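The structure displayed is predicted, hence computed values, not measured ones.
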Amino acid sequence: MVYYGKAVVVGCLAGNLVSAFVPITFVGTGSAGSSRLRGRSGALSMIFDYPAPGVRKDYPRPPLEDTSQNQREAAAFSQTFINMPRPSRPLKVAVIGAGLAGLSCAKYLSDAGHNPVVLEARDVLGGKVAAWQDKDGDWIETGLHIFFGAYPNVNQMFTELGIRDRLQWKSHSMIFAMPGQQTADGFQRFSRFDFPDLLPAPLNGLVAILLNNEMLTFPEKIQFGIGLIPAILFGQKYVEECDSLTVTEWMTKQGVPDRVNDEVFIAMAKALNFIDPDNLSMTVVLTALNRFLQETHGSKMAFLDGPPPTRLCQPMADHMIARGGELRMNQRISSILLNDDKTVRGLKMQDGSMVEADAYVSTMPVDVLKLMLPEEWRPIPYFEKLSGLTGVPVINIHLWFDRKLTTVDHLLFSRSPLLSVYADMSLTCKGYRDDDKSMLELVFAPAKDWIGRSDEDIIDATMGELYRLFPNELARDGSGAKLLKYAVVKTPLSVYEATAGREMYRPEQTSPIPNFFLAGCFTKQKYLASMEGATFSGKLAARALADAAIAGTIPLKEKESSAVAA
């Protein structure tokens, strides 16, 4: 209780610090529809810097290495692969899957002096961040991918590949749509949590929360703060213990008002794992809050300047190929073949060939991995517990309109029953820029009851929500902006569904099989189901394998072979 009192005092002091810089009043913002703070001196941009509605603006990369211990640790972790003694005989490692986990694993294995061979079943890189072009040349993405300051290993990857400039950083804000609410001139309203650049964490987060009174009242913030006291006092141990509770159960147990759930955490839960607070593990939310509030730039967001396969995944592949690695596309696995001692003998491919290596890393989604497990492995507890993990269905939607919609150069939490988050990619992404038309990319969640329905049904439901989000620009009678085309991307089993109690089922990257390792966001690591989680898991798997090679615990092939007749 004492710590909470100190937090409130610090928050009040932070509010006074803001006032010291500029007298503030809450006013409307026209077509933006958000609450802004404006100073009579015109010095507002010294504290809160964000563009007007419809204006595109990127920001400098935040000084992550100066403000985040996690970022510094990620850089040091990367350096360990460079510093490892060069192997007298580099291992040939078959890496199954060319998503972020597989490419990350291969990249760091090549840094350690080994020779990865990445086997991708499809003709496109990226896995869950895959994208492709339609007949018009427009890009269609598997999901709406946002990069956070709290993604240390992903940000380190951009640094190591020399492609930092491909991340387009946005204003340090979290923006929530207010469906059904309009400004005086009829446009959609938004509510902003703006993090002042002049303050470090957690003060910048406290100020952002305290100065937004549209979504939560001050008493509700106090009650939520009291509920968070155990997480503050008992740290990671408490966060992990909360995996037994859903977000809704935790809110009830801690006496947090239902409105906190309704106003904020329904949208956040769907954005974090595509499911509602009634099902999502509270560990997921507490992990995100910890990163966002403890790192000064943790909640700052960036968009990639184009499609992930070409702008991020290809440079990762090029890096490992330049160091002796190999990438094979359209290589789908038929079965995992074993030796008598249950170690992997090779991978039988659907084209009849077989790939043999010294070691193997699976980055297949957990549902595919469960189908591919050899019968001899299934009773082993390490593999048996995978039955507790299942992918969550996700639907990603692209809508092209014949004119610009009034929106914001940022990620937007929709707060609607069917939509999770969305962004006008013609505004936020340089590679998709269009000054005359809008292309909305939206995450439709939860998708469980919709994944089997027709694209037409899904688009009709989506448009029903957009009529509330854009009341002055979209009309049911067709008199407003017109939908030119759409694309619906269904992923029946995406990232693992982080329901309460899932943590105990997540495996470590090192398996009981000496020459078989796992990576993927479902494996054990502290960043959960995310791009950071996938990238970090690949890095952890590479380190485990490289250490095993040094220790001599991986049974080596007498001679290398690439692909031979089965």
Any donor-acceptor pair under 3.5 Å from Thr535 side chain to Met531 backbone: yes
Full working for side-chain contact (heavy atoms from CB on, under 4.5 Å) between Tyr360 and Val355: CA-CA 10 Å; Tyr360 304 81; Val355 174; 5.5 Å; no
Under 3.5 Å: donor-acceptor pair, side chain of Glu473, backbone of Thr406: yes
Backbone N/O of Ala461 and side chain of Glu465: donor-acceptor pair under 3.5 Å: no
Working for side-chain contact (heavy atoms from CB on, under 4.5 Å), residues Tyr108 and Met157: CA-CA 10 Å; Tyr108 288 108; Met157 180 69 74; 3.6 Å; yes
Straight-line distance of Leu474 CG to Asp477 CG, nearest 0.5 Å: 11.0 Å
Test item: Arg502 and Ser281 side chains (from C-beta on) under 4.5 Å apart, heavy atoms: no
Donor-acceptor under 3.5 Å (Asn273 side chain, Ala498 main chain): yes
Flag, side chain of Asp351 to backbone of Ser353, donor-acceptor distance under 3.5 Å: yes
CD1-CD1 distance between Ile459 and Ile397, expressed to the nearest 0.5 angstrom: 5.0 Å
Under-4.0 Å salt bridge between Asp434 and Lys404: no
Side-chain (Asp136) to main-chain (Asp138) donor-acceptor, under 3.5 angstrom: no
Minimum heavy-atom distance Asn70-Arg291, with the two atoms named: ND2-NH2, 3.2 Å
Exercise: identify the closest heavy-atom pair between Ser414 and Leu469: O-CD2, 4.0 Å
Distance (rounded to the nearest 0.5 Å) between Leu440 CG and Thr407 OG1: 6.5 Å
Leu327 and Leu125, any side-chain heavy atoms less than 4.5 Å apart: yes
Contact summary for Gly205 and Phe195, nearest pair of heavy atoms: CA-CE2, 3.5 Å
With Lys524, the side-chain hydrogen bond (donor to acceptor under 3.5 Å, both in side chains) member among Glu508, Glu503, Gln509: Glu503
Leu304 and His145, any side-chain heavy atoms less than 4.5 Å apart: no
Side chain to side chain contact (heavy atoms under 4.5 Å, CB included) partner of Val117, chosen from Gln331, Arg328, Met320: Arg328
Asp436/Arg403 under side-chain contact (heavy atoms from CB on, under 4.5 Å): CA gap, chis, key distance, verdict: CA-CA 6 Å; Asp436 301 316; Arg403 67 194 72 171; over 6 Å; no
Close side-chain approach of Leu528 and Cys521, heavy atoms under 4.5 Å: no
Aromatic ring proximity Tyr496/Tyr505, centre distance under 6.0 Å: no
Summary of ring pair (Phe, Tyr, Trp, His ring centres under 6.0 Å) pairs that have at least one residue in residues 442-483, sequence neighbours excluded: Phe444-Trp450
Non-hydrogen side-chain atoms of Asn396 and Thr142 separated by less than 4.5 Å: no
Check: Glu532 side chain, Val154 main-chain N or O, donor-acceptor pair, under 3.5 Å: yes
Audit row: Val285, Trp250, side-chain contact (heavy atoms from CB on, under 4.5 Å) steps and yes/no: CA-CA 11 Å; Val285 171; Trp250 182 90; over 6 Å; no
Lys57 atom NZ: more than 12 heavy-atom contacts under 6.0 Å: yes
side-chain hydrogen bond (donor to acceptor under 3.5 Å, both in side chains) evaluation trace for Arg164 with Thr159: CA-CA 6 Å; Arg164 275 187 183 184; Thr159 294; 2.8 Å; yes
Pair listing, ring pair (Phe, Tyr, Trp, His ring centres under 6.0 Å) test, anchored in residues 391-419, at least two apart: Phe176-Phe413, His398-Trp400
Atom CG of Asp318: over 12 foreign heavy atoms under 6.0 Å: yes
Asp278-Thr246 side chain donor-acceptor pair, cut-off 3.5 Å: no
Ionic contact status for Lys170 with Asp409, cut-off 4.0 Å: yes
Donor + acceptor pair across side chains of Ser191, Asn212 (<3.5 Å): yes
Minimum-distance pair of heavy atoms, taken over all atoms of Met463 and Leu483: SD-CD2, 4.4 Å
Flag, side chain of Arg415 to backbone of Pro179, donor-acceptor distance under 3.5 Å: no
Nearest heavy atoms of Asn155 and Leu167, plus distance in Å: OD1-CD1, 3.7 Å
Leu161 and His319, any side-chain heavy atoms less than 4.5 Å apart: yes
His172 and Pro62, any side-chain heavy atoms less than 4.5 Å apart: no
Test item: Val366 and Thr390 side chains (from C-beta on) under 4.5 Å apart, heavy atoms: no
Spacing of Leu389 atom CG and Arg506 atom CZ [to the nearest 0.5 Å]: 8.0 Å
Val443 backbone acceptor or donor facing Ser420 side chain under 3.5 Å: no
Closest approach of Phe148 to Met301 (non-hydrogen atoms, all atoms of both residues): CE2-CG, 3.5 Å
Gln71 side-chain N/O to Pro152 backbone N/O, donor-acceptor pair under 3.5 Å: yes
Rounded distance [0.5 Å steps], OG1 in Thr499 versus CG in Asn279: 7.0 Å
Leu411 side, atom CG; Ile146 side, atom CD1 - distance, nearest 0.5 Å: 4.5 Å
Ion pair Lys430/Asp58, N-O distance below 4.0 Å: no
Short N-O contact, Arg192 and Glu214, less than 4.0 angstrom: no
Ring geometry between Phe383 and Trp377 (parallel below 30°, tilted from 30 to 60°, perpendicular above 60°): parallel
